[in-house]
Amino acid sequence: MHHFDYRNGVLHAEGVDLATIAREVGTPVYVYSSATLERHYRVFKEAVGEKSHVFYAVKANGNLGVLMTLARLGAGVDTVSEGEIRKALAAGVPANRIVFSGVGKSAAELAFAVEAGIYQVNVESEGELETLSKIAEQRGKRQAIVLRVNPEIGAGGHAKITTGGAANKFGVSWSEAERLYIRAANMPGVAIKGLAVHIGSQIFDFGALEAAFQRMRGLIEKLAAQGLPASRLDLGGGVGVPYELGYPFNYGTDSLETYGRMVREVTRGLDVELGFEPGRLIAGNAGVLVTRVLYLNARADRTFLVVDAAMNDLVRPAMYEAHHEIWPVTPSDGPMRSYDVVGPICESSDTFAVQRSLPELKPGDLIAFMTAGAYGASMSSTYNQRLLVPEVLVKDDQFAVTRPRQTYEELLGLDRAPAWMN
Ligand code: LLP
């Protein structure tokens, strides 16, 4: 469910028409809907129980306006770098609602997190455990942690976003988990609270999630029997969102209810506080990337629709063969045509869609890549020395540029000439 729909023949984000945003901010531009973000947060929270902690995964979309919107609803955040922690704090997320995950947290990042007083560090290796304990001890602190365990069960929409398999780098190995938990319980700088698991992203196979959660439950029970009761269980993110539905589409909350029911069943009787780290589910359908058609390049067997957005702005199709629906901002009544939708970047992977059937388009027309709110702008780059794409947040009939388009001065100002050239 989202708040992008047609009113008087023009695609709107809530009460704002996308043509107006494109005119005032230029293209390409990301547009986010506050109502969609808010709805997804609330629906998820309801599905997993009001007492659970929801830590929105900042990596999906770290835009300040997005983070502020969620912070005001009481959301916590899951972060994976000092930059994300800083951004969350700047958006008004209190430190005691911040979780820090990731396989390669540096000593400096861990020190920053400890000093900020964050809620929990999800420790992923023995080396990290030792480093963190030392850092906290030196500061006279005891950092709350959970141990992220690799359950040797992976799932996800693509091999590149599956994290729970034995061959994936994430978490401590299943066979080492018990030993490391006991070791952590005896370290001076950490307070071990429980376990964390995250097996992948864009998951619809709740059976795989259930099996992984079940393993965590078994481990918690085993530890409790040894006098080490856990009080927290972080079940990660990963719940998928629909990308491949025709337009306009709608989907219900059934799958979230199923997920919530499954979680309740697996954790029944466990005396732990549950945590969740949804990213895509909150932000995915809350954003679109609006781009303008530059040229039609007709070949004998196909027509390339060249648009002003490129793989540096939205890398998912190039990187994961991801599908994004394309909705014309002002669909024509003319015949449907087949297009290969491509960007201006100098490589063939800069392709958003192949043989896509769309109402006839001409140069100057606007189209929107749907479901681009998660892992869109947050993965953008300046490849080909293109300016970072701007981001706009809509609320009802208002909109705000929450990240202006980068300027060429800013882009060129990033580099420094080597001293020997002066
Ligand atoms: N927690 C941890 C520890 C994670 O690694 C991730 C995502 C999440 C939570 C949030 O997962 P979500 O609920 O969004 O599925 N760039 C890829 C997705 C990478 C996901 C990385 N980890 C894409 O565009 O599909």
Side-chain angles (χ1 to χ4, degrees), residues 30 37 40-41 43-44 47-48 53-62 66 70 75-81 84 88 98-105 120-125 128 146-151 154-165 168-172 195-206 208-209 212 216 233-244 255-256 259 263 274-287 289 311 313-324 352 369 371-381:
Y30 275 98
L37 291 166
H40 288 170
Y41 175 76
V43 170
F44 185 82
V48 295
H53 301 278
V54 176
F55 303 106
Y56 163 69
V58 175
K59 63 171 82 70
N61 186 325
V66 169
L70 294 168
V77 290
D78 167 52
T79 61
V80 290
S81 66
E84 286 193 354
I98 298 178
V99 165
F100 188 16
S101 310
V103 297
K105 308 175 193 81
Q120 163 180 308
V121 175
N122 294 10
V123 171
E124 303 213 17
S125 66
E128 182 190 342
V146 294
L147 195 62
R148 177 168 177 189
V149 179
N150 183 313
H158 191 276
K160 290 182 184 170
I161 57 174
T162 298
T163 55
N168 298 131
K169 65 182 175 181
F170 302 93
V172 303
L195 302 177
V197 66
H198 172 81
I199 67 169
S201 193
Q202 186 58 3
I203 300 172
F204 288 106
D205 175 9
F206 293 164
L209 284 169
M216 295 306 120
L233 176 57
D234 180 336
L235 296 175
V239 177
V241 307
Y243 282 87
E244 302 216 17
S255 65
L256 271 189
Y259 175 80
V263 167
L274 296 179
F276 297 87
E277 303 168 355
R280 191 190 311 269
L281 184 94
I282 306 284
N285 278 305
L289 173 61
M311 63 188 283
D313 305 309
L314 175 65
V315 77
R316 304 192 69 260
M319 196 152 172
Y320 315 114
E321 289 93 39
H323 173 99
H324 286 266
F352 292 110
F369 293 108
T371 321
Y375 307 109
S378 66
M379 295 181 80
S380 62
S381 74

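Both counts, for ligands and for their atoms, begin at 1 and track the order of listing. Computed from heavy atoms alone, side chains included, the values below leave out hydrogens, waters and symmetry copies.
Rounding to the nearest 0.5 angstrom, the gap separating the CG atom in N122 from the NZ atom in K105 is 6.5 Å. Once rounded to the nearest 0.5 Å, the distance linking CG of N285 with CG of L37 reads 10.5 Å.
For ligand 1, the atoms sitting less than 4.0 Å from at least one non-hydrogen atom of P278 are 13 (O), numbered in the order shown with element in parentheses. Annotation for ligand 1: atoms under 4.0 Å from non-hydrogen atoms of R148 are 3 (C). Annotation for ligand 1: atoms under 4.0 Å from non-hydrogen atoms of G238 are 11 (O), 12 (P), 13 (O), 15 (O). Residue contact check: G237 has heavy atoms under 4.0 Å from atoms 9 (C), 13 (O) of ligand 1. Counting atoms of ligand 1 from 1 in the listed order, those under 4.0 Å from a heavy atom of E277 are 1 (N), 2 (C), 3 (C), 8 (C), 9 (C), 10 (C), 13 (O).
Residue contacts with ligand 1 for M319 are absent, since no atom lies close enough (heavy atoms, distance under 4.0 Å). Under 4.0 Å from ligand 1, the heavy atoms of M379 that appear belong solely to its side chain. Under 4.0 Å from ligand 1, the heavy atoms of R316 that appear belong solely to its side chain. Contacts between D78 and ligand 1 below 4.0 angstrom, taking non-hydrogen atoms only, involve the side chain exclusively.
In terms of protein heavy-atom proximity, atom 21 (C) of ligand 1 is closest to K59 CD, 3.8 Å. At the top of the distance list for atom 16 (N) of ligand 1, counting protein heavy atoms only, stands Y320 OH, 2.8 Å. Protein heavy atom in closest approach to atom 15 (O) of ligand 1: S201 OG, 2.4 Å.
Residues R280 and S201 have side chains in contact (heavy-atom distance under 4.5 Å, counting atoms from C-beta outward). For the pair V241 and Q202, the minimum side-chain heavy-atom distance is below 4.5 Å.
Checked against the 6.0 Å centroid threshold, F276 and F55 do not count as a close aromatic pair. Aromatic ring centres of H324 and F352 lie farther apart than the 6.0 Å criterion allows.
At least one heavy atom of I161 sits less than 4.0 Å from an atom of ligand 1.
Nearest heavy atoms, P242 versus F204: N-CZ, 4.0 Å.
Of the N or O atoms in L281, none lie within a sub-3.5 Å distance of an N or O in ligand 1. Residue R280 has at least one N or O atom closer than 3.5 Å to an N or O atom of ligand 1. Considering backbone and side-chain atoms alike, G279 places an N or O below 3.5 Å from some N or O of ligand 1.
We find that K59 and E84 are not joined by a salt bridge, their nearest charged nitrogen and carboxylate oxygen being 4.0 Å or further apart.
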